[in-house]
Amino acid sequence: MKKFHQILQITLLVYFSIFLVFFIAFETLGGIFGMEEVTSDTVVKIILVGFILFLASWLIGKGVRSSLEKKIKKMESEMNGLKAKIYDMEHPTTLQKPTPKPMPKPTASGDSETGNLPPRQNFTDK
C-alpha cells in the first residue's frame, strides 16, 4: 500500500504538471488538440479529476501512516515487555520478598519493661 501511495502521488504530480504546461502554452498546444478556447466546463473537469486524485492520495497516505503507527506501538510494547524480562533476570532478589522471621512472643513473667524484646535465655554448660 505504501508503494501504491507513492505511485499515486507521482501520478498526481504528473497530472497537474502536464495541465500546467498545457495551459501556459495553450496558444501553441491548443491548435494541436483542436481546441480554440478553454471553456469553464473543461477547466472544472480537469480540476475535479485532480481533486479526486488528491483525495485518494491523501486517504491512502493516512491509511499508510496509521498502519505504521500501529506497528510502531506494537513493537514498543513488545520491546518494553522484553526489557522487563531482562530486568527481572538481572535482578532476581528484588522479585523474592524476604519472609519476616517470626518473633517469639514474650511470656507474662512480670517483665513488662522489655517491650518487644524476646525473653532472655540462659545457657548452662553440662
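Nothing here was measured: the structure is a model prediction, and the numbers come from that model.
- The nearest pair of heavy atoms linking Phe51 to Phe16 is N-CZ, 4.4 Å.
- Atom OH of Tyr15 is surrounded by more than 12 heavy atoms from other residues, nucleotides or ligands within 6.0 Å.
- Residue-environment remark: CZ (Phe26) exceeds the threshold of 12 foreign heavy atoms within 6.0 Å.
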Could you check Leu8 against Leu12 for side-chain contact (heavy atoms from CB on, under 4.5 Å), going step by step and ending with a plain yes or no? CA-CA 6 Å; Leu8 197 56; Leu12 182 65; over 6 Å; no
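- To the nearest 0.5 Å, the span separating CD on Gln9 from CH2 on Trp58 amounts to 13.0 Å.
- With a 4.5 Å cut-off on side-chain heavy atoms, Val64 and Phe4 do not count as touching.
- Here the straight-line distance linking atom CG of Asp88 with atom NZ of Lys83 works out to 14.0 Å at 0.5 Å rounding.
- In this structure, Phe23 places its CZ atom where more than 12 heavy-atom neighbours from other residues, nucleotides or ligands lie under 6.0 Å away.
- Between Val43 and Thr39, every side-chain heavy-atom pair lies at or beyond the 4.5 Å cut-off.
- Note on Leu68 and Ile60: same hydrophobic cluster, where clusters join Ile, Leu, Val, Met, Phe, Trp and Tyr whose side-chain heavy atoms are under 4.5 Å apart, directly or indirectly.
- Taking the charged nitrogens against the carboxylate oxygens, Glu69 and Arg65 do have a contact shorter than 4.0 Å, which makes a salt bridge.
- We find the NZ-CG distance between Lys85 and Leu82 to be 6.5 Å, quoted to the nearest 0.5 Å.
- Rounding to the nearest 0.5 Å places OG of Ser57 at 10.5 Å from CG of Leu13.
- Under the side-chain contact (heavy atoms from CB on, under 4.5 Å) rule, Val44 has a single partner from Leu48, Thr42, Ile46, which is Leu48.
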Worked verdict on Ile18 versus Val14 for side-chain contact (heavy atoms from CB on, under 4.5 Å): CA-CA 6 Å; Ile18 288 172; Val14 169; 3.7 Å; yes
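- The distance from the OG atom of Ser40 to the NZ atom of Lys45 is 10.0 Å, given to the nearest 0.5 Å.
- In the hydrophobic cluster analysis, where Ile, Leu, Val, Met, Phe, Trp and Tyr join through side-chain heavy atoms closer than 4.5 angstrom, Phe19 is grouped apart from Val21.
- Taking the side chain as every heavy atom from C-beta outward, Met75 and Lys71 approach each other to under 4.5 Å.
- Distance CD1/Ile7 to NE2/His5: 11.5 Å, rounded to 0.5 Å.
- Ser66 pairs by the side-chain hydrogen bond (donor to acceptor under 3.5 Å, both in side chains) definition with nothing, not counting sequence neighbours.
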